[in-house]
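Let me begin by presenting the structure, written as structure tokens, before commenting on it.
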Amino acid sequence: MNESGTPAEPPKQTIYVRNTPVAYADIGDGPAVLLLHGLGGTSGDWNSVLAVLARRHRVVAVDLPGYGSSGPIPDSSPTGIANFMWDVADAVGLERPALMGHSEGGGVAAEMALAEPARVPRMVLVSASGMGRGIHPAFVLMGATPLGAAFPYLAKLPGGPETLVLGLALAGSPRPWRIPKSWATKMRQTASSTGALAAALTTVRQATSLRGQECLLLDRLPELTMPTLIVWGKQDTLLPAYQARRAADRLRRGQLALIPLAGHLLPIEAPDALLAVAGPFLREDRAQETGPAPADSGTGAQPRDRTP
């Protein structure tokens, strides 16, 4: 922690993968966990989670292509990013990492697991994209109408970045006062970058139509055999929480944890609640994977075993 009580940002390293710079933090020792942030974010979105996980794990948090200090890649679809992230994993020596992805990063994590299931011992999907068509109308306007073309130019308007960050905080959390000031500061920097906003627009346009989300993974979830924890904020207005139950029901070895009084920005607004369910799940050994369900405390992960 720094003097303000905000989690200190771990030092970042940069490697080149496919001639593209990739920035990442790498701390801790033990079984590896790869953290993938959401749309428009950076690896810093995990700062309140990363240090705690690093007590028992090697934790690698990456700036996804086009965000933070990582360069863009030609194919920024979830599948394209997933394939690129496996190359990143190879480059930093992650042979079989557990995956933990938030929002867009959750969709990417699921794509990674579908592409290389033998390499993923377990997975945590936090308010993940691709679990249903439902999505906030703002993303439909941005991704499927001509209005979206103006989105990158908001970075240059007086007060534009501040308005974007405020809007995301209000839409992303039912209690936005819990969001650290450090996150708002970093997001203002991102929202001041035309390149970062253009990358976000490209991703949204590839994944969204007037019908809602288009890069749907729900029907492919039964292909996944690794233990998978679905975590969602009950008050999520960006990706509705009913998608969490549908996703957990389709997983062979799915568990579900719904966090009360929380919205879409779980790693930022409610990191302790997220760690309370994700931490034990990532530590479970093989004997616990088919054990009895824990007592329901309102946030505890409830097994939904679908193994034939």
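Hydrogens, waters and symmetry mates are skipped; everything else that's a heavy atom, side chains included, is used.
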_Holding to salt bridge (charged side-chain N to carboxylate O under 4.0 Å, His left out), I want the full list of residues that pass it with R96, two or more places apart in sequence or in another chain._
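Counting only residues at least two positions away or on another chain, R96 forms no salt bridge (charged side-chain N to carboxylate O under 4.0 Å, His left out).
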_Taking salt bridge (charged side-chain N to carboxylate O under 4.0 Å, His left out) as the definition, give me every residue that meets it alongside E104, ordered by chain and number, with sequence neighbours left out._
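For E104 there are no salt bridge (charged side-chain N to carboxylate O under 4.0 Å, His left out) partners, ignoring immediate neighbours.
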*Give a yes or no on whether R56 atom CZ has more than 12 heavy-atom contacts from other residues, nucleotides or ligands under 6.0 Å away.*
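Not buried by this count: 12 neighbours or fewer within 6.0 Å.
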Output yes when a side-chain donor or acceptor of [X] lies under 3.5 Å from a complementary backbone atom of [Y], and no otherwise.
X    : Y    : value
R250 : R246 : yes
S193 : Q189 : no
W232 : L239 : yes
Q213 : T208 : no
T237 : A171 : yes
S103 : G105 : no
Q235 : G263 : no

Heavy atoms, side chains only, cut-off 4.5 Å: are [X] and [Y] in contact?
X    : Y    : answer
T185 : V165 : no
M131 : L216 : no
V124 : V126 : yes
V60  : P97  : no
S127 : V231 : no
L282 : L229 : no
V108 : M112 : yes
L168 : M187 : yes

Run through the side-chain heavy atoms of Ile, Leu, Val, Met, Phe, Trp and Tyr, join any pair under 4.5 Å, and report what else lands in [X]'s cluster.
X    : result
L261 : none
Y242 : none
L170 : L166

*Do I81 and L114 share a hydrophobic cluster, counting only Ile, Leu, Val, Met, Phe, Trp and Tyr and linking them when any side-chain heavy atoms are less than 4.5 Å apart?*
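Hydrophobic grouping puts I81 with L114.
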*Should L210 and F139 be regarded as members of a common hydrophobic cluster, given that ILVMFWY residues are connected when their side-chain heavy atoms come within less than 4.5 Å of each other, either directly or indirectly?*
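Same hydrophobic cluster.
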To check you understand the geometry: which heavy-atom pair defines the closest contact between [X] and [Y], and what is its length?
X    : Y    : answer
P152 : A198 : CG-CA, 4.0 Å
T145 : R205 : O-NH2, 3.3 Å
S43  : K12  : OG-CE, 2.9 Å
W183 : A169 : CZ3-CB, 4.2 Å
A278 : M100 : CB-CE, 3.8 Å
P240 : G134 : CD-O, 3.7 Å

Distance, nearest 0.5 Å, that separates [atom1] of [X] from [atom2] of [Y]:
X    : Y    : atom1 : atom2 : answer
D249 : L221 : CG    : CG    : 10.5 Å
K181 : R188 : NZ    : CZ    : 10.0 Å
R175 : L265 : CZ    : CG    : 13.5 Å
F281 : R122 : CZ    : CZ    : 4.5 Å
L164 : L157 : CG    : CG    : 9.0 Å

_Could you work out, with side chain to side chain contact (heavy atoms under 4.5 Å, CB included) as the rule, every residue matching M123, not counting sequence neighbours?_
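Only L99, A109, A113, V120, L125, L224, M226, T228 meet the side chain to side chain contact (heavy atoms under 4.5 Å, CB included) criterion with M123.
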_If the condition is side chain to side chain contact (heavy atoms under 4.5 Å, CB included), which residues does A200 pass it with, not counting sequence neighbours?_
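Checked A200 against side chain to side chain contact (heavy atoms under 4.5 Å, CB included); matches are L39, Y67, M142, F151.
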_Just checking H264 against H136, ring centres under 6.0 Å apart?_
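They do not qualify: ring centres at least 6.0 Å apart.
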*How far apart are the C-alpha atoms of L53 and W46, what are their side-chain angles, what is the distance that settles it, and do they pass the side-chain contact (heavy atoms from CB on, under 4.5 Å) test?*
CA-CA 10 Å; L53 290 181; W46 296 105; over 6 Å; no
Mind jotting down which residue pairs meet the salt bridge (charged side-chain N to carboxylate O under 4.0 Å, His left out) criterion with at least one end in [range]? Sequence neighbours excluded, please.
range            : answer
residues 220-229 : R220-E223
residues 257-272 : R178-E269
residues 133-148 : R133-E214

*Start with the C-alpha gap between V22 and T14, add the side-chain angles, then the distance that decides, and say whether side-chain contact (heavy atoms from CB on, under 4.5 Å) holds.*
CA-CA 5 Å; V22 177; T14 300; 6.0 Å; no
*Any chance you could lay out the side-chain contact (heavy atoms from CB on, under 4.5 Å) test for L266 and I259, step after step, and finish with the verdict?*
CA-CA 9 Å; L266 280 175; I259 309 299; 4.1 Å; yes
Pairs of donor and acceptor atoms involving the side chains of residues 24-37, under 3.5 Å and at least two apart or interchain, shall be tabulated with distances.
unit_1, atom_1, unit_2, atom_2, d
Y24, OH, Q13, OE1, 3.2
D26, OD1, R58, NE, 3.1
D26, OD2, R58, NE, 3.3
D26, OD2, R58, NH2, 2.6
H37, NE2, L64, N, 2.9

*Please assess T79 against N83 for the test side-chain contact (heavy atoms from CB on, under 4.5 Å), listing each intermediate value before the final yes or no.*
CA-CA 6 Å; T79 302; N83 292 335; 4.0 Å; yes
Which pairs of donor and acceptor atoms, one on a side chain in residues 69-76, lie under 3.5 Å apart (sequence neighbours left out)?
unit_1, atom_1, unit_2, atom_2, d
S70, OG, A23, N, 2.9
S70, OG, D63, O, 2.7
D75, OD1, S77, N, 3.1
D75, OD1, S77, OG, 2.7
S76, OG, Q206, OE1, 3.2

